[in-house]
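Worksheet: the structure to be examined is printed underneath.
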Amino acid sequence: MKKIIFATSNEGKMKEIREILKDLNVELLSLKDAGLSPDIDENGKTFEENAIIKAKTVMELTGEIVLADDSGLEVDYMDKAPGVYSARFMGEDTSYEIKNQYIIDQLKAAEGEERSARFVCVIACAFPDGEIITRRGTIEGYISKQISGVNGFGYDPIFYVPEYNCTTAEMKPDQKNEISHRGKALRAIHDDIIKA
Ligand code: IMP
């Protein structure tokens, strides 16, 4: 059976990935499953660069097909910050309650369309022959005026999706997976893996 490594140690992500790629008939391994803990410097300036750095590093270590993702929140009113720095924004150890309140405060004067934002996810696939492909998924929304919801993680409590009239932290996990940036990018790359 074909092996594919997904370069993450996040079990939540692995669950979502297994679900979306379940019909591929491949053995899908996390870094932990593959016995790897590479020290990767995510110093790219774009989601694409970071996803490629991760996928390529692990492919070169293992010789297997490797998938890797990079994701984050772009707030238009803040010139698309925190972007690729979403996890490190205001310091890795700062709580998301503080980060989320800070973003709300930054947008105090913003109304309507000025509050637009999106979650972005780029998945890179590095093949052993050196070929690399990337696919991007996004979900558009607005920064809410207050923190609400307890599901999800990170910036979910301030990411309002008008079609659902709630934040992504107020959605059930299955509902979020169906419309999420990560789900879209994974479904897009799914067809390329089948062809490989
Ligand atoms: P990474 O792709 O795991 O490095 O995630 C980057 C960061 O983007 C996370 O730590 C969160 O701050 C943010 N992020 C990415 N996806 C989501 C999401 O679905 N909800 C909330 N925050 C997210």
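Remember, it's 1-based here, ligands and their atoms both numbered in the order they're listed.
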(request) Could you tell me which residues satisfy side-chain hydrogen bond (donor to acceptor under 3.5 Å, both in side chains) with Thr168, sequence neighbours excluded, listed by chain and number? (result) Asp156

(request) Could I get the full list of side-chain hydrogen bond (donor to acceptor under 3.5 Å, both in side chains) partners for Lys32, not counting sequence neighbours? (result) none

(message) Given a heavy-atom cut-off of 4.0 Å, could you list the residues near ligand 1 in chain and number order?
(response) Lys13, Asp70, Ser71, Gly72, Ser86, Ala87, Tyr96, Phe119, Phe153, Gly154, Tyr155, Asp156, Lys176, His181, Arg182

(message) Between Met14 and Glu11, is there a side-chain heavy-atom distance shorter than 4.5 Å?
(response) yes

(message) Test of understanding: clusters of I, L, V, M, F, W, Y form through side-chain heavy atoms closer than 4.5 Å, transitively. Do Ile5 and Ile40 belong to the same one?
(response) yes

(request) With sequence neighbours excluded, give me every side-chain hydrogen bond (donor to acceptor under 3.5 Å, both in side chains) pair touching residues 84-93. (result) none

(request) Check Asp33, Ile123, Leu21 against Phe6 for a side chain to side chain contact (heavy atoms under 4.5 Å, CB included) and give me the one that passes. (result) Ile123

